[in-house]
2 protein chains.
Amino acid sequence: MKKVTINSVAEYAGVSKKTVSRVLNNEPNVSPATREKVLKVFKELDYKPNPIARGLARNKSFIIGCLYDNPSKSYITRVQSGALEACHKFNYNLLIHPCELRGDELIENVDQLLTTSRLDGLVLTPPFSDSQVLIDFLKAQNVPFARVASALQDDTSISVRSNDEQGAYELTEHLISLGHKEIAFIKGHPDHSATEKRFSGYQNALLKHGIEYKEKLVAEGNFSYHSGADSAKEILDLEPMPTAVFASNDYMAAAVLKLATQRRIRVPEDISIAGFDNAPIARHIWPGLTTIAQPVEEMTRQAVEQLILQISDPSTEVYQKVLEAKLITRESTAAK
Amino acid sequence: MKKVTINSVAEYAGVSKKTVSRVLNNEPNVSPATREKVLKVFKELDYKPNPIARGLARNKSFIIGCLYDNPSKSYITRVQSGALEACHKFNYNLLIHPCELRGDELIENVDQLLTTSRLDGLVLTPPFSDSQVLIDFLKAQNVPFARVASALQDDTSISVRSNDEQGAYELTEHLISLGHKEIAFIKGHPDHSATEKRFSGYQNALLKHGIEYKEKLVAEGNFSYHSGADSAKEILDLEPMPTAVFASNDYMAAAVLKLATQRRIRVPEDISIAGFDNAPIARHIWPGLTTIAQPVEEMTRQAVEQLILQISDPSTEVYQKVLEAKLITRESTAAK
DNA sequence: ATGAAGTTTGACACCGGTGTCATAATGTCG
DNA sequence: CGACATTATGACACCGGTGTCAAACTTCAT
């Protein structure tokens with residue numbers, strides 16, 4: 001099986017390399033007859049252009065990199081699925097690269113990534129989308145990127161996020177409307193901007209409804225199931241026990257639910273539990289978790305789509321969008 | 001900021017391109033003095049070789065593709081994590097590519113993938129690792145690949161799997177030893193070879209212990225939570241209700257647990273439930289699921305590592321390995 | 001028929017590396 | 001010290017495409 005290159009096609013079709021290249025790229029200024037002829041040879045020889053050669057000549061790879069470091073597997077797969085959708089729409093591919101936010105190695109690590117695989121752009125997911133250091137580095141290196149789910153203010157880079165604060169506000173209000181006044185809160189990972197946003201949503205809702213904010217009702221988490229289990233212990237040990245718990249994501253909420261069930265505390269009769277994200281687990285457990293649906297796939301899809309648009313035309317206006325989060329009520333919350 | 005190429009380095013160091021290339025690749029036949037000098041210039045100019053140019057010259061991309069189509073998100077992330085570990089060890093990167101097994105588009109789709117991004121090799125995860133059509137295609141195209149978790153017999157391709165049959169056998173035996181005789185079984189997706197293996201493990205254990213196999217106790221699933229919910233309904237509606245349920249993966253087991261809890265059937269007092277895979281959800285719910293731990297990351301890690309070895313030296317012996325699966329008992333199973 | 005403008009085409013350099021081979025420099029040994 | 005093997009180095013083609021530019025060919029108005 002011989003290799004079919006642009007040269008063999010050109011020779012076979014009796015035209016120049018460049019003309020073949022023109023047909024390949026749908027460039028104008030090729031006579032219909034010639035175009036037809038070349039296209040026929042493509043078929044006949046089953047010609048596949050070599051993307052690496054093309055990449056070298058155009059300095060493009062048609063590969064987008066996805067940076068993440070997130071304890072939630074479902075979050076990652078949702079991100080990937082949205083990113084892939086956009087990539088495939090434009091014939092791009094997706095390269096994934098988990099790495100650690102902490103430490104000086106981050107920049108080094110990303111630098112290494114850019115060195116070993118010429119990426120056309122990078123999608124940053126939390127907590128990277130919030131990292132000023134990284135953003136500055138990418139700008140300096142002239143690497144196009146888009147930020148997902150970041151509250152960090154930066155008008156010069158593409159950003160698609162959802163309204164975490166409003167979501168948390170609504171969820172808290174939902175609990176309040178059910179008659180709850182002692183509402184515990186489990187915070188997320190301090191490196192994620194969403195953590196602070198969700199927390200303010202919670203606080204603002206309390207304030208608005210004249211409910212006193214009590215610090216002892218707030219536990220520190222980091223979005224992992226494990227941290228949720230620790231916080232759950234703290235909260236369920238409180239005297240008196242709060243009548244509702246709002247965890248900053250569903251994994252931590254699931255951990256609270258598990259401990260409560262273990263201790264024969266009935267949910268939602270004795271305590272209401274709510275999460276955030278509408279992760280699959282929220283509907284895979286009983287009772288199902290009341291939560292806030294974040295359009296993770298949609299955010300990422302839009303971010304990557306805009307990223308690719310910007311890559312192909314750098315003069316494109318910087319896209320910044322906030323999508324709505326939506327309250328989903330299930331069985332884990334009920335009137336006090 | 002000017003681009004630093006091998007030419008500028010060569011000029012700056014006062015040597016030829018080729019000598020720089022030699023230093024870059026740690027080739028012999030460079031005098032220590034020259035090597036030193038060039039290395040210094042690398043540092044000074046902060047030279048980064050262009051992987052695309054190198055790829056063109058060597059016909060390599062240093063990218064491995066990962067093919068999957070699996071309803072279980074946690075399975076996918078575990079696969080990815082194992083694959084990434086191996087990739088990074090050898091300075092490769094990982095490109096992910098979900099696609100559908102069904103239909104003629106599979107080959108077309110993979111062909112497209114190979115065309116748009118020159119991959120050095122492919123990791124196939126179930127159900128692709130079981131697809132004879134795909135395997136034949138890749139062999140014909142001379143694309144190196146490794147198969148993960150496939151029971152399909154093929155001595156000529158790299159394969160790492162775990163012993164599904166034995167795992168299912170052990171788990172069934174565990175239930176039998178607890179006194180269960182009416183053990184329902186939920187099958188997995190028919191396209192996965194693991195489905196048949198787990199089923200035989202179940203059947204063999206029954207046989208070995210003189211327990212009659214009853215077809216009505218077997219429900220068809222497809223590894224998705226949703227299919228598990230359907231099967232759960234079937235099984236919990238049986239008269240008399242079985243005293244144990246063995247689902248072919250943890251998601252389906254979780255669905256059974258959810259429905260049981262909803263119906264106030266106590267687990268494990270009224271019914272024991274077991275899964276397979278040791279997915280995160282198995283320990284995120286209450287009661288925790290008894291299950292079989294499959295070393296998914298390890299399988300994939302080994303597969304990719306061997307794949308890369310074979311890419312760099314095609315004469316490497318074809319690696320075939322079966323890893324052990326391990327019984328993990330949690331609260332969801334108890335004596336009858 | 002003629003010139004101006006527009007269209008089609010190909011020659012050739014180039015992207016940034018690697019492989020081949022000839023030549024130059026150095027080392028070895030009788 | 002000369003003959004020969006070994007090591008170090010560079011010139012140059014090549015990987016498979018794309019960009020530039022000039023030449024050849026059309027088209028069309030005058």
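Below, chain A is the first sequence line, B the second, and so on; all start at residue 1. Just so you know, these numbers come straight off a predicted model, no measurement behind them.
- Defining each end axis of the helix from C:dA1-D:dT30 to C:dG30-D:dC1 as the rotation carrying four pairs' C1' atoms onto the next four, with five pairs an end, the two axes are found to diverge by 40° to 10 degrees.
- For residues 45-62 of chain A, the pairs satisfying salt bridge (charged side-chain N to carboxylate O under 4.0 Å, His left out) are A:D46-A:K48, A:K48-B:D111, with sequence neighbours left out.
- Of the residues in residues 19-29 of chain A, A:T19, A:R22, A:N29 come within less than 4.0 Å of DNA chain C through at least one heavy atom, sorted by number.
- Contact footprint of chain A on DNA chain C: nucleotides with an atom under 4.0 Å from a non-hydrogen protein atom, first to last in 5' to 3' order, C:dT7 to C:dG16.
- At the heavy-atom level, A:P51 lies nowhere under 4.0 Å from the strands shown.
- Residues of residues 30-43 of chain B that place a heavy atom closer than 4.0 Å to DNA chain D, in numerical order, are B:V30, B:S31, B:T34.
- The residue among B:R118 and B:G14 whose nearest nucleotide of DNA chain D lies closer to the 5′ end is B:G14.
- With sequence neighbours excluded, the residues satisfying salt bridge (Lys or Arg N to Asp or Glu O under 4.0 Å) with B:R78 are B:E297.
- Within the 4.5 Å cutoff, the side chain of A:C99 has heavy atoms near those of the A:L67 side chain.
- Among the heavy atoms of the strands, none lies under 4.0 Å from B:K60.
- Within 6.0 Å of OH in A:Y12 there are 12 or fewer heavy atoms belonging to other residues, nucleotides or ligands.
- Scanning for salt bridge (Lys or Arg N to Asp or Glu O under 4.0 Å) contacts around B:E305 gives B:K89, B:R301, with sequence neighbours left out.
- Between the side chains of A:E108 and A:Q112, not a single donor N or O lies within less than 3.5 Å of an accepting N or O.
- Judged as a side-chain contact (heavy atoms from CB on, under 4.5 Å), and not counting sequence neighbours, the contacts of B:T316 are B:D313.
- Of the two residues near DNA chain C, B:A53 and A:S16, the one whose nearest nucleotide lies more 5' is A:S16.
- Between the side chains of B:R147 and B:S157, at least one donor N or O sits under 3.5 Å from an acceptor N or O.
- Applying the salt bridge (charged side-chain N to carboxylate O under 4.0 Å, His left out) definition to pairs two or more places apart or across chains, those involving residues 134-146 of chain B are B:K139-B:D154.
- Shortest non-hydrogen contact noted between A:L124 and A:F145 is CD1-CD1, 3.8 Å.
- Within the model, atoms CG of A:D191 and CG of A:L101 stand 5.0 Å from one another, a figure rounded to the nearest 0.5 Å.
- Nearest heavy-atom pair across B:L307 and B:V123 is CD2-N, 4.3 Å.
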Enumerate all atom pairs, one protein N or O and one N or O from nucleotides 23-27 of chain D, separated by less than 3.5 Å.
none

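- Every residue two or more places apart in sequence or in another chain that forms a side-chain contact (heavy atoms from CB on, under 4.5 Å) with A:K73 is listed here: B:T77, B:P280.
- B:Q306 and B:Q310 share no side-chain donor-acceptor pair at under 3.5 Å.
- Sorted by first then second residue, the ring-ring contact (aromatic ring centres under 6.0 Å, His included) pairs that include residues 87-122 of chain B, not counting sequence neighbours, are A:H88-B:H97, A:H97-B:H88, B:F62-B:Y92.
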